[in-house]
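The structure under discussion appears below in the form of structure tokens.
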Amino acid sequence: MSKQPSGRMSMTSSRGYEEMKQYWEKNRALSRPLSPFLTYKPHLVMSMSLTHRITGVYLTVVVSGVSVLMLCLPESYPYYLQMIKDLSLGPAILTGMKYSLALPVAYHFLNGIRHLAWDAGYGFGKKDMYTSGYLVLALSLAISSMMVFML
């Protein structure tokens, strides 16, 4: 014998629905925004977390895009490298192009290590978060500069 749906919510889901309804009514009465993070004043930790996500997407698109492009092009890599050299781009443009890849790589790698430390339970104090944030920024700039000028 199978049970037919009665069209009523079970006691558990009804209670959950009422609690949710009370929660949203309280938030409306207090004039709380639906998405409060959009109204927060930006700070270092929030900005770096967002930048970490952006650099991850950027690197995925750039590396994947260049890889697929190189697979689809008829000539080999040295041929296209020589084409870029033949454009005689100024040193400022070449340096900028190098930084556009080196800085996201260095930043994403170092900030990823910072996130792994957080996953292990370290560095959650406010002072620790800001210290590690500034350290990641400084090391990212130093390492990317080494990559641009020494390689």
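Scope of the values below: all heavy atoms of this structure, side chains included, with no hydrogens, waters or symmetry mates.
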Per-pair distances, 0.1 Å, donor-acceptor, side chain in residues 65-72, under 3.5 Å, sequence neighbours excluded:
unit_1, atom_1, unit_2, atom_2, d
S67, OG, V63, O, 2.7

Residues sharing [X]'s hydrophobic cluster, by side-chain heavy-atom contacts under 4.5 Å among ILVMFWY, directly or via others?
{"X": "I54", "value": "L50"}
{"X": "M150", "value": "M146"}
{"X": "V61", "value": "V57"}
{"X": "L87", "value": "L89, I93, L94, M97"}

Kindly indicate whether the side chain of L139, heavy atoms from C-beta on, has any atom under 4.5 Å from the side chain of Y107.
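No, every pair of side-chain atoms sits at 4.5 Å or beyond.
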Taking the side chain as C-beta and beyond, is there a heavy-atom pair between F149 and T95 under 4.5 Å?
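Yes, close enough: below the 4.5 Å cut-off.
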Can you name the nearest heavy-atom pair linking [X] to [Y], along with the distance?
{"X": "P104", "Y": "L59", "value": "O-CD1, 3.7 Å"}
{"X": "L103", "Y": "S140", "value": "CD1-O, 3.7 Å"}
{"X": "V148", "Y": "A102", "value": "CG2-CB, 4.0 Å"}
{"X": "G133", "Y": "L44", "value": "CA-CD2, 4.2 Å"}
{"X": "L101", "Y": "V62", "value": "CD1-CG1, 4.3 Å"}

Look only at the side chain of T55 and the backbone of T51, and say whether a donor-acceptor pair between them is shorter than 3.5 Å.
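Yes, T55 side chain to T51 backbone: donor-acceptor pair under 3.5 Å.
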Mark yes or no for whether S144, through its side chain, and L141, through its backbone, hold a donor-acceptor pair below 3.5 Å.
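Here the side-chain-to-backbone pair exists.
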Rounded to the nearest 0.5 Å, what's the gap from CE on M46 to NZ on K41? Could you check?
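It comes to 10.5 Å.
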Nearest 0.5 Å, please: how far is CE in M20 from CZ in R15?
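Reported value, rounded in 0.5 Å steps: 15.0 Å.
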Not counting sequence neighbours, which residues clear side-chain contact (heavy atoms from CB on, under 4.5 Å) with E25? List them please.
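E25 satisfies side-chain contact (heavy atoms from CB on, under 4.5 Å) with K21, R28 once adjacent residues are dropped.
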Considering residues at least two apart in sequence or located in another chain, which fulfil the side-chain contact (heavy atoms from CB on, under 4.5 Å) criterion with Q82?
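Partners of Q82 under the side-chain contact (heavy atoms from CB on, under 4.5 Å) test: K85, D86.
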With sequence neighbours left out, write down each residue that passes side chain to side chain donor-acceptor pair (under 3.5 Å) with Y99, or none if nothing qualifies.
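So Y99 forms a side chain to side chain donor-acceptor pair (under 3.5 Å) with S145.
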Could you tell me which residues satisfy side chain to side chain donor-acceptor pair (under 3.5 Å) with R32, sequence neighbours excluded, listed by chain and number?
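R32: side chain to side chain donor-acceptor pair (under 3.5 Å) contacts with N27.
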Please, which pairs that meet side-chain hydrogen bond (donor to acceptor under 3.5 Å, both in side chains) have at least one residue in residues 122-136, sequence neighbours excluded?
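Pairs touching residues 122-136 that pass the test: R114-S132.
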Residues in ring pair (Phe, Tyr, Trp, His ring centres under 6.0 Å) contact with H52, at least two apart in sequence or another chain:
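Here the qualifying residues are H108, H115.
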Qualifying ring pair (Phe, Tyr, Trp, His ring centres under 6.0 Å) pairs with a residue from residues 64-96, counting only residues at least two apart or across chains
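Sorted result for residues 64-96: empty, none.
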